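Keep in mind it's a predicted model, so treat the numbers as computed, not measured.
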Amino acid sequence: MDYIEATPDLISGESGKSGIGACGEEDSAQKARRFINAAAAAGRLIAMEDQRIESWVPILVDALRAQVNLQDSSISKYVREANRLLSFLCNSGAETWADATVEMVAECAHSVSRDTSGEFVDAAHKTVSNRRSAARKLFELAEQLGADIDAHELSDFEILGDGASKPSRPLTEQETRQLQRRIGAELVTSMLTVIVALAFAGGSAPEIAAVRPSDIDLEGRTVRFRGKSLRLNPLPKWPADTIAAHFANRQPPPPSDEPLCVGASLSDRRAAQSVTSQLKKALDAAALAPCPGVTAISIRRHAAQGIAQHSGLDAAARLLGYTSRDRAAAAIGWPPLQYPHETADA
């Protein structure tokens with residue numbers, strides 16, 4: 001293909017107070033004031049370009065406590081899981097949001113827990129699922145407040161039947177050809193082909209969901225992604241040809257100012273979930289879903305890997321919308337601080 005064990009004491013909550021027990025029940029007005037204060041504090045961190053996770057901890061705790069659509073018992077669970085997850089990220093070497101990876105989040109979600117007798121046991125499937133939901137809620141709040149993360153991608157890991165995580169890797173060249181043959185040959189009129197093509201252009205699920213026909217320039221072979229990292233990505237030959245074939249077979253033509261791949265009435269979260277579901281469907285159709293390490297984000301990671309090998313890690317980070325070379329390296333499976341195909345001063 002051408003490419004041109006968490007420590008539970010990190011969170012202190014409010015000054016001089018510790019944990020969820022320090023905060024009693026609050027009414028809606030109090031919660032609203034709490035969220036406004038959290039947003040203001042986040043704004044100050046953004047102004048200082050402070051993306052250190054530890055700096056964001058008390059802000060995110062307050063933002064969680066300010067959720068009016070959650071019962072207090074649910075808020076307690078979310079805060080406890082936020083404490084656990086953020087501690088785990090910091091202890092795993094993620095100093096800033098850019099250092100955090102979905103693999104770290106998955107490892108934390110699947111880590112051992114205590115049963116009713118106090119013994120350490122492997123996390124049950126339901127426990128892992130609940131932890132993933134809590135992580136998604138936490139990251140959505142962080143992203144809403146201005147943290148430099150993609151909430152959907154950072155919490156989009158699979159849970160196998162035994163509760164084990166399924167770490168993601170880029171597709172291999174053989175797997176890529178297998179997917180493209182299956183999708184291109186039989187499903188050219190399906191929206192699924194466009195979604196896969198945009199993933200091969202480096203788009204994440206939320207970004208693909210936001211693409212409009214007017215964002216795609218088939219003549220110039222580029223696509224504009226409107227996500228958190230607004231950027232213009234190249235369209236390799238297969239994605240460009242696939243999208244062109246879809247447009248040629250689609251009647252009537254799609255409205256230029258509406259989302260191309262999802263319904264305009266869907267919320268951002270539902271739209272991203274719909275795209276992820278379609279990517280998984282495509283992998284299943286190509287008999288790739290059972291392959292170890294193959295998940296919905298394997299497609300865009302393959303695109304980034306090709307760019308990195310051809311043009312370097314900085315180009316791969318730009319393709320993915322990342323600000324960190326280390327984060328891009330982790331996404332494509334390159335060892336930290338040991339980047340193949342690059343000189344020491346690249």
Side-chain angles (χ1 to χ4, degrees), residues 5-46 50-92 94-97 100 102 104-116 118 120 123-124 126-149 151-152 154-157 159 269:
E5 167 81 45
T7 55
D9 56 356
L10 177 64
I11 293 178
S12 61
E14 296 175 302
S15 177
K17 302 180 181 180
S18 177
I20 188 67
C23 178
E25 294 187 5
E26 297 179 324
D27 59 28
S28 297
Q30 289 174 310
K31 288 185 174 182
R33 287 194 295 272
R34 180 182 288 275
F35 190 83
I36 290 172
N37 290 336
R44 290 191 289 272
L45 288 185
I46 295 169
D50 188 350
Q51 292 288 331
R52 291 175 301 163
I53 294 175
E54 191 170 3
S55 300
W56 284 76
V57 167
I59 295 171
L60 292 177
V61 170
D62 270 355
L64 282 170
R65 288 174 173 159
Q67 298 305 294
V68 296
N69 59 335
L70 295 176
Q71 296 181 349
D72 289 325
S73 59
S74 296
I75 290 176
S76 297
K77 294 177 182 177
Y78 275 122
V79 169
R80 184 171 62 251
E81 287 304 322
N83 180 2
R84 186 176 179 279
L85 174 56
L86 293 173
S87 297
F88 187 94
L89 291 177
C90 290
N91 291 336
S92 298
E95 181 179 354
T96 68
W97 291 116
V102 65
M104 290 180 183
V105 179
E107 183 180 355
C108 180
H110 290 85
S111 58
V112 296
S113 56
R114 292 184 184 272
D115 62 13
T116 55
F120 283 106
K126 183 177 180 181
T127 298
V128 179
S129 179
N130 289 340
R131 289 172 176 174
R132 182 175 59 180
S133 297
R136 183 174 292 123
K137 180 66 176 179
L138 173 69
F139 294 142
E140 286 174 350
L141 272 176
E143 187 173 31
Q144 179 184 351
L145 291 170
D148 185 19
I149 59 172
H152 181 85
L154 203 54
S155 57
D156 184 30
F157 59 88
I159 307 170
R269 178 175 177 179

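- L145 and I46 make their closest contact through O-CD1, 3.3 Å (heavy atoms, listed as atom of the first residue, atom of the second, distance).
- Atom NE2 in H110 sits 8.0 Å away from atom CZ in R132 (nearest 0.5 Å).
- Looking at L86 and C90, their side chains never come closer than 4.5 Å, going by heavy atoms from C-beta outward.
- In this structure, D156 contributes its side chain and H152 its backbone to no donor-acceptor pair below 3.5 Å.
- Under the side chain to side chain contact (heavy atoms under 4.5 Å, CB included) criterion, A135 pairs with L85, V105, F139, not counting sequence neighbours.
- Atom CG of D62 sits about 13.0 Å away from atom CZ of R33, to the nearest 0.5 Å.
- The distance from the CG atom of N83 to the CD atom of E81 is 9.0 Å, given to the nearest 0.5 Å.
- Taking each heavy atom of I75 and Q67 in turn, the nearest pair found is CD1-O, 3.6 Å.
- For the pair S133 and Y78, the tightest heavy-atom approach, listed with the atom from each and the gap, is O-CE2, 4.1 Å.
- Legend: residues meeting salt bridge (charged side-chain N to carboxylate O under 4.0 Å, His left out) with E143, ordered by chain and number and at least two apart, are absent.
- For R80, the side chain to side chain contact (heavy atoms under 4.5 Å, CB included) test picks out K77, with sequence neighbours left out.
- Across every non-hydrogen atom of A42 and I59, the tightest pair is N-CD1, 3.7 Å.
- In this structure A109 satisfies the side chain to side chain contact (heavy atoms under 4.5 Å, CB included) test together with V128, R131, F157, sequence neighbours excluded.
- Between the CD atom in E95 and the CD atom in E54 there is a gap of 9.0 Å [rounded to 0.5 Å].
- Residues E140 and A151 share a closest heavy-atom pair of N-CB, 3.6 Å.
- For S129 (side chain) and K126 (main-chain N/O), no donor-acceptor pair under 3.5 Å exists by modelled atom type.
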Exercise. Decide yes or no on side chain to side chain contact (heavy atoms under 4.5 Å, CB included) for V79 and R65, but give the supporting numbers first.
Key: CA-CA 8 Å; V79 169; R65 288 174 173 159; 4.1 Å; yes
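- Checked against side chain to side chain donor-acceptor pair (under 3.5 Å), S55 has the following partners two or more places apart in sequence or in another chain: D50, R52.
- Here the straight-line distance linking atom CZ of F35 with atom CG of L141 works out to 6.0 Å at 0.5 Å rounding.
- With sequence neighbours left out, the side chain to side chain contact (heavy atoms under 4.5 Å, CB included) criterion links A40 to R44.
- Here the CZ-CG distance, from R84 to L89, works out to 11.0 Å after rounding to the nearest 0.5 Å.
- Side-chain contact between K137 and L64 is present, with heavy atoms from C-beta onward closer than 4.5 Å.
- The shortest distance between side-chain heavy atoms of I53 and W97 falls below 4.5 Å.
- The minimum heavy-atom distance between I149 and A142, with the atom names listed, is CD1-CB, 3.9 Å.
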